[in-house]
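Only this structure's heavy atoms are used, side chains among them; waters, hydrogens and symmetry mates stay out. A note on names: the letters A, B, ... follow the listed sequences, proteins ahead of strands, and every chain is numbered from 1.
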Amino acid sequence: ADATIGISIPAADHGWTGGLVYHTKRTVEAMKKAFPNIDFVVVTSSSATQQVNDIEDLMSRKINALVVLPQESDPLTEPVKAAKAKGVFVTVVDRGLAEKNIEDLYVGGDNPQYGVAAAEYFKKKFPDGGKIVVMRGIPTAIDNIRIEAFQNALKDSKIEILDMQYANWNPDKGFEVMQDYLQRFPKIDGVWAGDDDAALGAMEAIKQTDRKGVKVLGGSGMNKVIKLVQDGNDMVDADIFYPPTLIIPAIELTTMKFATQAPINGRYVLGSPLITKDNAAQYYFPDAPY
Amino acid sequence: MALLSLKEVTKSYGQVAVLKGIDLDVEPGEVLALVGENGAGKSTLMRIIAGLAQQTAGTASFDDVSAPTSLVGAEAAGIIMVHQEFCLAPHLTVAENVFLGREVRKGPFTDTKIMQRLAKESLARLGSSANPRAKLKDLPVSDWQLIELAKAFARNPRLVLMDEPTAVLSGTEAERLFERVREFRAAGGSVIFTSHRLDEVKEIADRVAVLRDGQIVRLERASQLSESQMAEAMVGRPLAEIFPAKCPPVNPVEVLGINNLASRGFVSEATLSVGQGEILGVAGLVGSGRTELFEAICGLRSATCVEFRLNGTVRKLPAAREAWQLGIAYLTEDRKAKGLLLGKPLAVNLALTSGALSGRTWIDKKAERAKLLDAVSAYDIRTGDIDTTAGSLSGGNQQKVLIAKTLASDPNVVIFDEPTRGVDIGAKQQIYKIIADLASRGKAIVVVSSEMQEVVGLAHRVVVMRKGKAVGELSGDGINEGEIIRLAMGVQEELDNVRYIGNARR
Amino acid sequence: MSDISATHVGSAGGSGRQKALKAFEAAGPLLALIFLMIIGSLMSSSFLGAENLSNVFTRSAIIGIIAIGATFVITAGGLDLSVGSLSALVAGVAIMVMNQATGSFGTGWLLVAAGIVFSLLLGAAAGFFNGAMIVKGRVEAFIVTLGTMGVFRSILTWLSDGGSISLDFALRDAARPIYYGTIGGIAVPIFVFIAIAVIAEVVLRRTRFGRHVAAIGSNRYVALYSAIPVDRVRILTYVIQGLCVGIATVIYVPRLGAATPSTGMMWELEAIASVIIGGTALGGGFGRVWGTVVGVLILGFISNILNLTGFISPYLNGAVQGAIIVIAVLLQRDRSQG
Amino acid sequence: MSDISATHVGSAGGSGRQKALKAFEAAGPLLALIFLMIIGSLMSSSFLGAENLSNVFTRSAIIGIIAIGATFVITAGGLDLSVGSLSALVAGVAIMVMNQATGSFGTGWLLVAAGIVFSLLLGAAAGFFNGAMIVKGRVEAFIVTLGTMGVFRSILTWLSDGGSISLDFALRDAARPIYYGTIGGIAVPIFVFIAIAVIAEVVLRRTRFGRHVAAIGSNRYVALYSAIPVDRVRILTYVIQGLCVGIATVIYVPRLGAATPSTGMMWELEAIASVIIGGTALGGGFGRVWGTVVGVLILGFISNILNLTGFISPYLNGAVQGAIIVIAVLLQRDRSQG
Ligand SMILES: Nc1ncnc2c1ncn2[C@@H]1O[C@H](COP(=O)(O)OP(=O)(O)OP(=O)(O)O)[C@@H](O)[C@H]1O
Ligand SMILES: Nc1ncnc2c1ncn2[C@@H]1O[C@H](COP(=O)(O)OP(=O)(O)OP(=O)(O)O)[C@@H](O)[C@H]1O
Ligand SMILES: [Mg+2]
Ligand SMILES: [Mg+2]
């Protein structure tokens, strides 16, 4: 083979990463077909530590390029830097590293924007103020960034955050936390579940009660949720785009670099726009598992 | 026609032949005693009959068909074994244990009521009044053996194998067992049992088979064999006087003394003292709290004490390790659960207590091995393979290892709790000699024993305990069985109350 | 540890005071639960509301039923780490099969019933596999079930392509009452939970099989010498565990209508913890289903109270949970084995 | 279960063929490792490269050192589920303290050394806490360490505000050689790992303390009656475990330079699995450090081979891993306890 591209991503342990692995596999298959003289190796890891191991193993396989979606920014910085030092082309996806200018190519979503988009949604929904509850994700840097941006963006509004609890981007936990929020707060106008998986859980919890008019916002663009938005569901009428598909351009661009010698580097940042009924169609991929 | 018939039964473990061509018939309605030295192969033979082990050669037939080769088969055929060690489930109740695997059912459910009633009956026929609803682990161990026996008889057996059933029974309890055995025999049942108490063999057995080194060396009617003939056949030489001569020290210096020790629920007022070169016997009925008393002295059980003296200084009761550091060694009566690591090699067991073998930090395997070889010859430990685990030794040989282990650290005060449990007559003699030697070397010795002759034959002084209290002391020529029994039972009490005492703690 | 030991340390019934102490210790988990509920009601006004209680009981049913199965396994001296993964797998496969079958079976209760039966069978079969490997293959339970924990979850992830497997929307309506329905005002899962708990308690305490389970855990050699079919009973405990996972999954699926690779994560720890908090001995020999039920409720209420009060930083929820678990067990430390 | 068993099952030495079989079983994990390495070298040309082997050994050092501590705990009949959380906590606190101290200590080796000492002390102290709760508080090890598992991780999450705690960049350079440095061409962590393994094996096999650990695991009451300081030894095993976690963390920090709320997740399972794959009995009584080392390497090589060959769907990695673990243990099933 002319070149080997190593891809290191988190294992499919919640919906979003599940979608990520799915799209990675599909993209790799497509690229293999298109460019038979380029090899791809995909490794998935369940923790930052394991991901560092995986990157070492990829280096042992003499890869020419590394596409990495870090589990955690800080812990992965050193190892990716080490790979870079050995002359590997580095593409970082989604979560930036803790040091600037290590990667050749960055493809990512805009995490602060993710929080801001959510805040804007609630501001628009409840211009006269409203009470919302928030579900955080898994305790990580990204979650912190999003939540911080969210809170900052709400500072000058009349919206009150009643409470925030971790729901681990998990539907079961989302269900449980929402049930308890509903018991605790007689009036809830909106829920930011932080993620579509958790949002689905929250929805079921709300459906179970006779509360009406509670708005649920998730995030990340799960097809099931986009479908709800498209169909005009009155509980979930919007979503924030932050799809696992951002791995696709990362792999494709990196492949191009070796297949075509095209000059490729720089930053490619997908926005995190709000998906509403009007634009839902363009974000809807019915066949994806996520 | 014989019920059980063994032909040329041979068993070896690896290279070691344990049984060498056993021919034996057992008739219906017969009680056969197996006697022999420790490690002669008695338990092994029983285990083969019970389907727990397979002979390497030879045939066994039961009821004229080839004998069952599995426990399940044996049970179905009516062969039930009572093991030398306890085989009960501590978390289950007495009734549940008695009917384990043979539960009585009413519809899909176990019929607890009936089982409790039957268990109670079965126990009562053995003279036990243990509560069938109590969990086994909440009962004193003294009750366990009778429960094992009740479990065996509750299975409608045709042949009961009992491996040293009386080793842990008191005299009265043993009597009740024999009555039960006679009843069973009258109903056509057969029994094979082993015992190291030759007097009871004589009393209960129809025939006696003497085993030596895996062979039957004598097989005769019990009435035609005297105790000393049995002993001689077992050991292969005539036995001299079993107890060594007593040589009590004159005005011994006190080494260990206690005033009014109490341990909740077991011991209330215990006062005693033992001096240099002295052997103090401690007698009492089962459950009189002797074991608990000495466990308390050794820090193995919480207790209070008005005064505790050691080598002339008054101090508080020591903790477990402290007691050992002070030179007090305790030989437990419960070798399986508290004495030996059955899964570990002999050398490891021997070295457990001894600081002398290993330095403070390092283990010296050479020294351990040397010590083991010493112990094997000093205590006549019989094993085919010196590297074997403690668990694969015969019961009596385990006891010898336990004694060796306890004495390995060269203690100054040695408390022997039932020192000869499960030990053959030759080895008993040896152990008595060891005890006497220790005393003559100036050690302070305590011998707790339920075997009256042992206390009478060994001790320079005897303390008798009853219901957790030291009720009397005998010395010199005043030591005799009658007086001990009188003190142990309390004058005013009838013989029937003995069980009451035994069960006092429930 | 040797079981015989228990005799000497534990001690003979004894005085009234001792008996009271023993009873207190036996009731330990119940006291812990009551204590927790008092705290809960003091800290949050909505805590004792019928709806909140119903919520907690209902969602506890899922782990609860699994933990009841674990009570059998642990009482017999075993361990099963694969339950969480197994329920993910059962959920995923059952949903796929049901979705496939809508064509021929329609979307009514018939298919739902078929799905239920299928889930139970699949759970039981997986349990049998675990049991057989452990008992016949003579491999430590920890290792076998650690292995199948990975295997089951992997298979689900593979089947779902890493995403979620969702129940057909039409079918959801038919299945919904299994989680959300009520009978006489009481949620269906609570009924199922209670029914299974009662059955399990009876089986463990009143049947020959239950007796044998305890005997094997108490001392396997005792059981062997009493002519109990040890292997069969041990395997059966794993089958029961699998069956319970199947039942729990049947309740789980209608709740959110989907299985994902994160379904059932850490359930094994929760289940085992509930069993032990409930007073069943980890080494085996003694088990009580009611204790397990109480244990599950304790865990359920702890997180419920934390969610309802929210006066602690959510970062510290885990610490509070951990501390309460230890304290709940401290209340009944008699049974300790270290 | 009870030692009584040994009597009936256990068995004396025996014939040559039996001995050979025994030796084969004893060497089981080693054979499994060799087998795995043969497979690895057949499937990937880079597998046997010095760099790859060095990588796997080096990173195995972290779990490996923790698992060595776990060998002591498990041999004594205990269990510690808190190791992963503890290493996250130690890493986080040590980093915070070191970052704070740069002002007064500078960023040189002195501060790094102070950080190392601090980590070891913190680890040992946490281990002591676990041990004391278990032994003196008489609460099941499973519960105590499940509790502290939650507590330790929560405290870290709280300290890090849910994010990560990063080592000062200047300090990283000073600390880097601890993971990435080599001595005579061999990576430092490998040295540390080997040194600790050798020391631990010697302690467990050749010292009185090691003997006591095994004796206690084998039968705690026999140990007590043999004047072994049972409580002290049991607590010490947890202290050793904590110390090992401290050492492992010292190696971990320079590698990733940060602690996050997910640091050390599931390490407890990996450590316990390594110990048991290595042939140590889960119930206690028998342990071997070399087996644990082999166990860790088996786990390390499994995922290395999967990464190097990558011919299986990434979804199924878990399944392959699970299956290989079970097979590795099947090779030595003599010691099984179910
Ligand atoms: N599982 C085993 N493996 C190896 N040797 C064994 C095993 N079981 C018993 N032996 C050996 O067989 C011999 C006979 O043992 P057995 O238990 O039958 O003796 P015993 O006559 O019952 O002695 P005791 O009176 O001491 O109980 C002993 O030397 C013993 O070490
Ligand atoms: N492990 C054991 N195996 C067999 N028998 C035992 C065992 N432990 C105790 N016994 C028997 O039970 C009797 C009562 O023991 P226990 O310790 O309950 O009472 P005790 O107060 O020590 O009685 P004693 O005063 O006779 O020592 C002992 O004398 C002994 O015969
Ligand atoms: Mg015997
Ligand atoms: Mg006694």
Side-chain angles (χ1 to χ4, degrees), chain C residues 1-5 8-9 77-78 81 133-135 137-144 146-155 157-158 161-162 219-221 224 234 269 272-273 276-277 281-284 313 315-326 329-330 333-338, chain D residues 1-5 8-9 77-78 81 133-135 137-144 146-155 157-158 161-162 219-222 234 261 269 272-273 276-277 282-284 313 315-326 329-330 333-338:
Chain C
M1 274 296 78
S2 161
D3 276 307
I4 291 205
S5 46
H8 311 294
V9 186
L81 299 174
M133 283 290 288
I134 292 163
V135 174
R138 306 212 333 273
V139 182
E140 295 232 22
F142 183 93
I143 292 290
V144 169
L146 183 73
T148 50
M149 167 176 160
V151 172
F152 294 154
R153 191 167 296 287
S154 278
I155 296 176
T157 313
W158 175 69
D161 262 336
N219 182 340
R220 198 182 308 155
Y221 299 90
L224 211 54
R234 289 179 67 207
L269 264 189
I272 297 170
I276 294 169
I277 292 172
L282 187 53
S313 153
Y315 300 135
L316 287 177
N317 277 359
V320 177
Q321 247 159 12
I324 295 182
I325 291 171
V326 175
V329 176
L330 257 175
R333 58 181 179 172
D334 170 56
R335 230 170 287 292
S336 89
Q337 307 206 328
Chain D
M1 273 300 79
S2 156
D3 271 307
I4 295 205
S5 47
H8 313 298
V9 185
L81 297 174
M133 283 290 289
I134 293 163
V135 174
R138 305 210 337 269
V139 182
E140 295 230 24
F142 183 93
I143 292 289
V144 169
L146 183 73
T148 51
M149 168 175 160
V151 172
F152 295 155
R153 189 167 298 285
S154 274
I155 296 177
T157 311
W158 176 68
D161 269 335
N219 183 334
R220 202 185 299 160
Y221 295 96
V222 170
R234 287 179 68 207
L269 268 188
I272 297 171
I276 294 169
I277 293 173
L282 187 54
S313 153
Y315 298 134
L316 288 176
N317 276 359
V320 176
Q321 249 161 10
I324 295 182
I325 291 171
V326 175
V329 176
L330 258 175
R333 58 182 179 172
D334 172 55
R335 229 172 288 290
S336 89
Q337 309 206 325

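Under the rule for a side chain to side chain donor-acceptor pair (under 3.5 Å), the partners of Thr148(D) that lie at least two apart in sequence or sit in another chain are Asn130(D). A search for side chain to side chain donor-acceptor pair (under 3.5 Å) contacts involving Asn317(C) returns Gln165(A), not counting sequence neighbours.
For the pair Tyr315(C) (side chain) and Asp161(D) (backbone), a donor-acceptor distance under 3.5 Å is present.
For Ile324(D), no part sits under 4.5 Å from any heavy atom of chain C, backbone or side chain. Looking at Val326(D), both its backbone and its side chain come within 4.5 Å of chain C, counting heavy atoms on both sides.
To the nearest 0.5 angstrom, Met149(D) atom CE is 11.0 Å from Gln321(C) atom CD. In this structure, the separation between CG on Leu146(D) and CD1 on Ile325(C) is 5.0 Å, given to the nearest 0.5 Å. Distance CZ/Phe142(C) to CG/Leu282(D): 6.5 Å, rounded to 0.5 Å.
Closest approach of Ser154(D) and Ala319(C) over heavy atoms only: OG-N, 2.7 Å. Here the closest non-hydrogen pair linking Ile143(D) and Ala273(C) is CD1-O, 4.3 Å.
Heavy-atom pairs under 4.5 Å with chain D were tallied for Val144(C), Val320(C), Ile272(C); the largest tally goes to Ile272(C).
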